Amino acid sequence: MWCCFEMYEVKGMYHLAIDIGASSGRHILACVQDGRLVSEEIYRFENGMLEQDGALTWDVAHLVQEVKSGIARCAELGKIPATIAIDTWGVDYVLLDEKGQEILPVMAYRDGRTEVGAAEVAAILPQEELYARTGIQKQNFNTIYQLWCDKQSGKLDKAAHFLMMPDYLAYKLTGVMKNEYTNATTTNLVNAESKEWDTVLLERLGVPAHLFLPLSLPATAVGELTPEVQAQVGFNATVLLCPSHDTASAVAAIPLDENCAYISSGTWSLIGTENACPVTSAAAMAANFTNEGGVEYRFRFLKNIMGMWLFQNIRKELGKRYTYDEMMQMAMSSDYAGRIDPTDDAFMAPASMMEAICTYLGEPDLPLRDLLACVYHSLAASYARSIREIEAISGKKITAIHIVGGGSKDAYLNRLTARYTGCAVYVGLTEATATGNLLSQIMYSEQMTLTEAREIVKETYQIREVRV
């Protein structure tokens with residue numbers, strides 16, 4: 001929950017976090033008062049994939065306009081931010097031609113074009129070698145496979161620049177192109193040891209290295225708003241790089257220690273721990289863990305599990321006639337023992353999520369309450385398996401789990417997580433992604449370390465242990 005500015009006499013500078021997910025985006029304005037983060041949501045907009053000629057794409061013109069509209073809202077409120085930073089989901093990107101113009105369409109990661117491309121890349125770069133070099137888990141929608149498809153289609157021949165989605169939006173505000181480190185690591189093209197683009201991989205794939213810029217770290221500047229954008233929004237500000245992959249921002253906000261794990265619970269459940277060095281062993285690859293970049297070159301050792309995506313699709317399929325709380329109550333009334341594997345590709349983008357679950361279970365007429373109970377218990381069981389894998393592979397003993405993000409509001413799933421994992425489970429940091437975005441801006445403005453910035457989180461949020 002955000003603390004409203006009206007409660008405080010604002011003395012410090014404002015910062016604006018633009019946090020964009022696959023279904024919506026929002027602008028969060030904040031400042032630091034008495035060691036606490038005081039924030040408010042000032043703008044929200046819809047986002048979503050579009051079907052265009054049988055392909056799933058992003059409407060980047062819509063995104064750019066909404067980003068600017070939210071910035072302009074600051075001027076309307078008379079609260080001018082000194083800094084602005086943008087985070088989005090990972091893996092997706094925009095190709096630009098020599099004139100800096102978009103090469104359309106901009107493809108969305110859930111498009112099925114990469115299923116064949118992933119197999120073709122594997123024939124050139126065996127997964128064992130690719131993982132040893134990048135430490136990134138195998139997912140058919142990774143940027144490496146999308147770029148291969150663009151190469152095969154001839155789209156890459158027209159390209160002069162490659163920008164991840166938040167890089168692109170920052171470019172549209174400033175006219176400056178930069179590639180930010182944390183989001184770049186989701187491409188499967190950044191070397192885990194050197195922390196730079198892996199030119200050997202690019203050469204092997206025939207992807208031109210000149211498309212990519214040297215990687216820039218979070219809490220560094222991109223540039224000021226262009227005169228054109230200043231005229232549109234009503235003021236000037238400095239655009240910064242935050243951890244522009246939304247999970248990197250979320251993890252940056254979590255007050256972790258050596259024995260902590262985290263679950264960033266949203267459409268995806270990202271479960272992992274924070275390491276000083278990448279873990280690229282055969283065991284890590286077999287368990288499909290990834291080593292994504294974080295602030296101060298920390299590594300997010302995690303795996304992706306289909307999370308609230310399952311509930312979101314079920315609710316949509318039911319015509320949204322039930323609230324999430326009502327669905328939770330139905331699940332709690334069931335003692336059904338069937339389980340699914342939430343990481344199975346069958347649940348990536350089925351025409352019917354309910355039918356996909358019933359087919360997996362071999363029970364076509366499963367009552368709704370049992371189907372929902374199955375999803376709840378399956379998610380909690382998958383979290384427990386992942387914690388045991390983290391311990392076995394990294395050598396850590398995990399004693400506590402911080403659950404952050406919108407999914408952390410689900411009290412039943414939180415209790416099941418504590419029960420299945422046997423760990424202390426903490427919640428309270430629901431707005432982790434926007435908070436991490438803001439912390440990086442504060443780090444830039446106040447010359448703070450991440451450890452110092454995380455102290456602000458402890459002062460701001462009521463982080464509490466879940467009672468089983």
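What you see is a predicted model; the values in this text were computed from it and never measured. We use all heavy atoms of the structure for the numbers below, so side chains are in, but hydrogens, waters and symmetry mates are not.
A side-chain donor-acceptor contact under 3.5 Å links Ser69 to the backbone of Gln65. Formation of a donor-acceptor pair under 3.5 Å by the Arg415 side chain with backbone atoms of Val466 is not found in this model. Counting only distance, with no hydrogens or angles, the side chain of Asn437 and the backbone of Thr433 share no donor-acceptor pair below 3.5 Å. Side chain of Lys195 to main chain of Thr185: no donor-acceptor pair is present (N/O by atom type, distance under 3.5 Å, no hydrogens or angles). Thr187 contributes no side-chain N or O that, together with a main-chain N or O of Thr143, makes up a donor-acceptor pair within less than 3.5 Å. A donor-acceptor pair is defined here as one N or O able to donate and one able to accept, closer than 3.5 Å; such a pair exists between the side chain of Ser153 and the backbone of Asp150. Looking only at distances, a side-chain donor or acceptor of Asn236 sits under 3.5 Å from a matching main-chain atom of Leu225. Proximity of a side-chain donor or acceptor of Thr273 to a complementary backbone N or O of Cys260 within less than 3.5 Å is detected. Of the possible polar contacts, none joining the Ser378 side chain to the Val375 backbone as a donor-acceptor pair under 3.5 Å is found. Counting only distance, with no hydrogens or angles, the side chain of Trp197 and the backbone of Leu213 share a donor-acceptor pair below 3.5 Å.
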Starting from the C-alpha separation in whole Å, work towards a yes-or-no answer on ring-ring contact (aromatic ring centres under 6.0 Å, His included) for Phe162 and Tyr93. CA-CA 7 Å; Phe162 167 95; Tyr93 57 91; 5.1 Å; yes
In sequence, state the C-alpha distance, the side-chain angles, and the governing distance for Val251 and Ser264, and then conclude on side-chain contact (heavy atoms from CB on, under 4.5 Å). CA-CA 8 Å; Val251 172; Ser264 180; 5.6 Å; no
Kindly determine whether Arg113 and Trp148 satisfy side-chain contact (heavy atoms from CB on, under 4.5 Å), including the steps that lead there. CA-CA 10 Å; Arg113 68 190 178 127; Trp148 175 261; over 6 Å; no
When you look at Leu147 and Leu211, which way does the side-chain contact (heavy atoms from CB on, under 4.5 Å) test go after all the steps? CA-CA 11 Å; Leu147 281 170; Leu211 298 178; 5.6 Å; no
Given the rule in the side-chain contact (heavy atoms from CB on, under 4.5 Å) test, do Val106 and Met165 qualify, once you have shown the distances and angles that lead to the verdict? CA-CA 10 Å; Val106 174; Met165 192 64 70; 4.0 Å; yes
Chi angles and distances behind the salt bridge (Lys or Arg N to Asp or Glu O under 4.0 Å) call for Lys68, Glu228: CA-CA 11 Å; Lys68 292 178 182 177; Glu228 179 185 8; 5.3 Å; no
Please assess Asp325 against Gln329 for the test side chain to side chain donor-acceptor pair (under 3.5 Å), listing each intermediate value before the final yes or no. CA-CA 6 Å; Asp325 282 346; Gln329 293 297 326; over 6 Å; no
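In this structure, the side chains of Asp167 and Asn183 stay at 4.5 Å or more apart for every pair of heavy atoms. Using a 4.5 Å heavy-atom cutoff, the side chains of Ile398 and Thr421 are not in contact. Side-chain contact between Tyr336 and Leu361 is present, with heavy atoms from C-beta onward closer than 4.5 Å. No side-chain heavy atom of Tyr324 sits less than 4.5 Å from a side-chain heavy atom of Lys409. Contact annotation: the side chain of Thr247 never approaches that of Trp268 to less than 4.5 Å [non-hydrogen atoms, C-beta and beyond]. Between Ser440 and Ser249, every side-chain heavy-atom pair lies at or beyond the 4.5 Å cut-off. For the pair Leu379 and Leu310, the minimum side-chain heavy-atom distance is below 4.5 Å. In this structure the side chain of Gln146 reaches within 4.5 angstrom of the side chain of Val91, judged on heavy atoms.
Surrounding CD of Glu115 are at most 12 heavy atoms belonging to other residues, nucleotides or ligands under 6.0 Å away. Sparse packing is recorded around CD of Glu355, with 12 or fewer heavy atoms of other residues, nucleotides or ligands lying under 6.0 Å away.
Ring geometry for His27 versus Tyr43: interplanar angle over 60°, hence perpendicular rather than tilted (30 to 60°). Between Phe45 and His62, the angle of the ring planes goes over 60°, which puts this pair in the perpendicular group of the 30/60° scheme. Relative ring orientation between Tyr412 and His377 is described as perpendicular, the plane-to-plane angle rising above 60° on a 0-90° scale split at 30° and 60°.
Under a cutoff of 6.0 Å and an axis angle of 45°, Arg110 and Trp89 do not form a cation-pi pair. With a 6.0 Å cutoff to the six-membered ring centre and a 45° limit on the axis angle, Lys138 counts as a cation-pi contact of Tyr145.
No donor-acceptor contact under 3.5 angstrom links the side chains of Thr83 and Tyr444, judged on distance only. Judged purely by distance below 3.5 Å, without hydrogens or angles, the side chains of Asn288 and Gln139 never pair a donor atom with an acceptor atom. Between the side chains of Tyr168 and Glu102, at least one donor N or O lies within less than 3.5 Å of an accepting N or O. A donor-acceptor pair shorter than 3.5 Å can be found between the side chains of Asn188 and Thr134. Judged purely by distance below 3.5 Å, without hydrogens or angles, the side chains of Tyr376 and Asp410 pair a donor atom with an acceptor atom. Counting only N and O atoms by type, the side chains of Glu317 and Ser352 include a donor and acceptor under 3.5 Å apart.
Heavy atoms only, all atoms of each residue included: Ala434 and Ile28 are closest at CB-CG1, 3.9 Å. Pairing each heavy atom of Ser216 with each of Leu241, the nearest pair is CB-CD1, 3.4 Å. Looking at every heavy atom in both residues, Leu413 comes nearest to Ala380 through CD1-N, 4.3 Å. Heavy atoms only, all atoms of each residue included: Cys74 and Leu29 are closest at SG-CD1, 4.0 Å. Listed here is the closest heavy atom pair of Ser408 and Gly405: OG-O, 2.6 Å. Contact detail for Val222 and Leu240: the closest heavy-atom pair is CG2-C, 4.0 Å.
Expressed to the nearest 0.5 Å, how far CG of Leu156 lies from NZ of Lys151 amounts to 8.0 Å. To the nearest 0.5 Å, atom CD1 of residue Ile271 and atom CD1 of residue Ile263 are 4.0 Å apart. For the atom pair CZ (Phe212) and CE (Met164), the distance works out to 10.0 Å, reported to the nearest 0.5 Å. Within the model, atoms CG of Leu56 and CD of Glu51 stand 6.0 Å from one another, a figure rounded to the nearest 0.5 Å. To the nearest 0.5 Å, the span separating CG on Leu173 from CD1 on Ile84 amounts to 6.5 Å. Rounded to the nearest 0.5 angstrom, Thr435 OG1 and Leu37 CG are separated by 6.0 Å.
Evaluated for a side-chain contact (heavy atoms from CB on, under 4.5 Å) with Cys358, the options Ile340, Asp370, Leu366 yield exactly one hit, Leu366. Under the side-chain hydrogen bond (donor to acceptor under 3.5 Å, both in side chains) test applied with Trp58, the options Asn47, Asp92, Thr88 reduce to a single match, Asp92.
The residues Glu274 and Arg454 are annotated as salt-bridged, a charged nitrogen and a carboxylate oxygen being separated by less than 4.0 angstrom.
Between His402 and Tyr262, a ring centre-to-centre spacing not shorter than 6.0 Å is recorded.
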